[in-house]
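Below, each value reflects all heavy atoms present in this structure, side chains not excepted, and no hydrogens, waters or symmetry copies. Counting begins at 1 with the first residue of the sequence.
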Amino acid sequence: MQTFRNKVLAAAAMLAIAAGTASAQDISKFVLSDAAAKKTLIKNEINADTARKIIDKCIEIATKANMPITIFILSPTGQFVAAHRMDGQVPINIDTALLKAKSVLETRDSTHLRANMIATNIPQQIKWHDIGVFTTSGGLPIIAGGQMIGTIGIGGGNKDEEMAFEALEAVVGPQPPLVQNPPAAAR
């Protein structure tokens with residue numbers, strides 16, 4: 001258990017280092033324009049153009065993998081910015097994609113990290129479930145200039161998180177590294 005805890009702490013440290021690297025990005029091309037921010041009173045929110053580019057990249061990746069997915073991109077305050085459902089999605093794929101994006105709003109980190117943190121802790125699983133945090137990989141914060149400008153949730157595939165990460169890196173630039181699965185418990 002101590003080794004797993006150390007790995008979770010190491011992953012959190014890596015996220016912090018990556019966020020520092022990402023802070024060198026020019027955030028202005030990914031967030032609302034000054035005119036839009038004046039109306040909304042919020043500046044560091046992903047703009048529709050960037051969200052669409054991320055979705056298009058996700059679709060490209062999923063199509064190459066022959067893996068239909070659903071994608072939601074939310075603002076840091078939880079409003080829909082963009083969404084897309086590829087053909088062949090059942091309701092649970094759509095629901096989980098949205099739950100993943102919403103869960104990142106609550107935790108400000110990947111749904112995979114939260115899944116690892118509670119994997120063997122039933123009381124913690126119940127707590128997170130009760131407050132609406134969905135702890136399955138596929139939800140990531142969208143980071144630009146060291147700020148979370150939105151969230152992405154993907155459902156329907158078996159590489160949801162990897163697809164989201166690849167699309168974010170291609171469109172926005174460096175993102176915090178993906179979290180690895182904990183080592184399998186010794187039997």
Side-chain angles (χ1 to χ4, degrees), residues 12 15-63 68-87 89 91 93-114 131-134 136-157 160-179:
L15 287 171
I17 290 167
T21 302
S23 67
Q25 294 169 281
D26 177 15
I27 191 173
S28 65
K29 62 185 173 184
F30 306 116
V31 297
L32 297 180
S33 68
D34 289 339
K38 190 173 184 174
K39 284 181 152 182
T40 63
L41 303 178
I42 297 173
K43 176 71 176 161
N44 290 341
E45 178 178 297
I46 190 168
N47 62 41
D49 183 54
T50 300
R52 187 71 241 168
K53 287 176 183 174
I54 293 167
I55 284 181
D56 290 344
K57 186 65 176 176
C58 287
I59 293 167
E60 176 188 320
I61 296 164
T63 300
I69 57 172
T70 296
I71 311 130
F72 281 94
I73 296 180
L74 305 178
S75 74
T77 55
Q79 279 64 51
F80 290 98
V81 179
H84 184 82
R85 177 199 53 87
M86 295 175 73
D87 290 343
Q89 292 291 276
N93 300 140
I94 299 162
D95 293 343
T96 57
L98 181 56
L99 285 169
K100 292 171 187 181
K102 286 181 174 181
S103 294
V104 175
L105 292 172
E106 296 293 329
T107 64
R108 300 297 204 232
D109 54 35
S110 79
T111 53
H112 191 166
L113 177 63
R114 293 296 158 164
I131 61 173
V133 175
F134 191 70
T136 301
S137 69
L140 295 172
I142 302 170
I143 306 295
Q147 298 294 304
M148 188 181 87
I149 63 169
T151 67
I152 184 170
I154 295 182
D160 299 341
E161 182 177 64
E162 293 85 350
M163 285 188 221
F165 182 78
E166 185 179 336
L168 293 178
E169 291 244 317
V171 175
V172 180
Q175 298 295 301
L178 293 180
V179 175

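- Distance CE/Met148 to CD1/Ile46: 10.5 Å, rounded to 0.5 Å.
- Scanning for side-chain hydrogen bond (donor to acceptor under 3.5 Å, both in side chains) contacts around Asn47 gives Thr50, with sequence neighbours left out.
- The two residues Leu113 and Ser110 have their closest heavy-atom pair at N-OG, 2.9 Å.
- Atoms CG and CD1, from Leu140 and Ile152 in turn, are 7.0 Å apart once rounded to the nearest 0.5 Å.
- The two atoms that bring Cys58 and Ile69 nearest to each other are O-CD1, 4.0 Å, heavy atoms only.
- Every residue meeting the side-chain hydrogen bond (donor to acceptor under 3.5 Å, both in side chains) condition with Ser28, not counting sequence neighbours, appears here in chain and number order: Asp26.
- For the atom pair CG (Asn44) and OG (Ser75), the distance works out to 12.0 Å, reported to the nearest 0.5 Å.
- The stretch residues 46-58 participates, sequence neighbours left out, in these salt bridge (charged side-chain N to carboxylate O under 4.0 Å, His left out) pairs: Asp49-Lys53, Arg52-Asp56, Lys57-Glu60.
- The side-chain hydrogen bond (donor to acceptor under 3.5 Å, both in side chains) search around Lys102 returns none, not counting sequence neighbours.
- Every residue meeting the ring-ring contact (aromatic ring centres under 6.0 Å, His included) condition with Phe72, not counting sequence neighbours, appears here in chain and number order: Phe80.
- In terms of heavy-atom proximity, Ala97 sits nearest to Gly155 at CB-N, 3.4 Å.
- Taking CG from Leu74 and CD from Gln79, the interatomic distance works out to 8.5 Å, rounded to the nearest 0.5 Å.
- The shortest non-hydrogen separation linking Ile73 to Ala51 is CD1-O, 3.4 Å.
- The minimum heavy-atom distance linking Asn93 with Thr96 is given by the pair O-OG1, 3.2 Å.
- For the side-chain hydrogen bond (donor to acceptor under 3.5 Å, both in side chains) test, no residue two or more places apart in sequence or in another chain qualifies with Thr136.
- In this structure, Asp95 has no side-chain contact (heavy atoms from CB on, under 4.5 Å) partners at least two apart in sequence or on a different chain.
- Formation of a donor-acceptor pair under 3.5 Å by the Gln175 side chain with backbone atoms of Ile143 is found in this model.
- The side-chain contact (heavy atoms from CB on, under 4.5 Å) test applied to Arg85 returns Thr70, Asp87, Gln89, Ile94, not counting sequence neighbours.
- The line from CD1 of Ile131 to OG1 of Thr107 is 9.0 Å long, rounded to the nearest 0.5 Å.
- Shown here are the salt bridge (charged side-chain N to carboxylate O under 4.0 Å, His left out) partners of Glu106, two or more places apart in sequence or in another chain: there are none.
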Extract all donor-acceptor atom pairs below 3.5 Å that involve side chains of residues 160-168 and protein atoms in other chains or at least two apart in sequence.
| from | atom 1 | to | atom 2 | distance (Å) |
| --- | --- | --- | --- | --- |
| Asp160 | OD1 | Gly157 | N | 2.9 |
| Asp160 | OD2 | Lys100 | NZ | 3.0 |
| Glu161 | OE1 | His112 | ND1 | 2.8 |

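- Distance check: Arg108 CZ to Thr151 OG1 gives 9.0 Å after rounding to the nearest 0.5 Å.
- Side chains of Asp109 and Val104 form no contact here, defined as non-hydrogen atoms less than 4.5 Å apart.
- Between Ile55 and Ala82, the shortest heavy-atom distance links the atoms CD1-CB, 3.5 Å.
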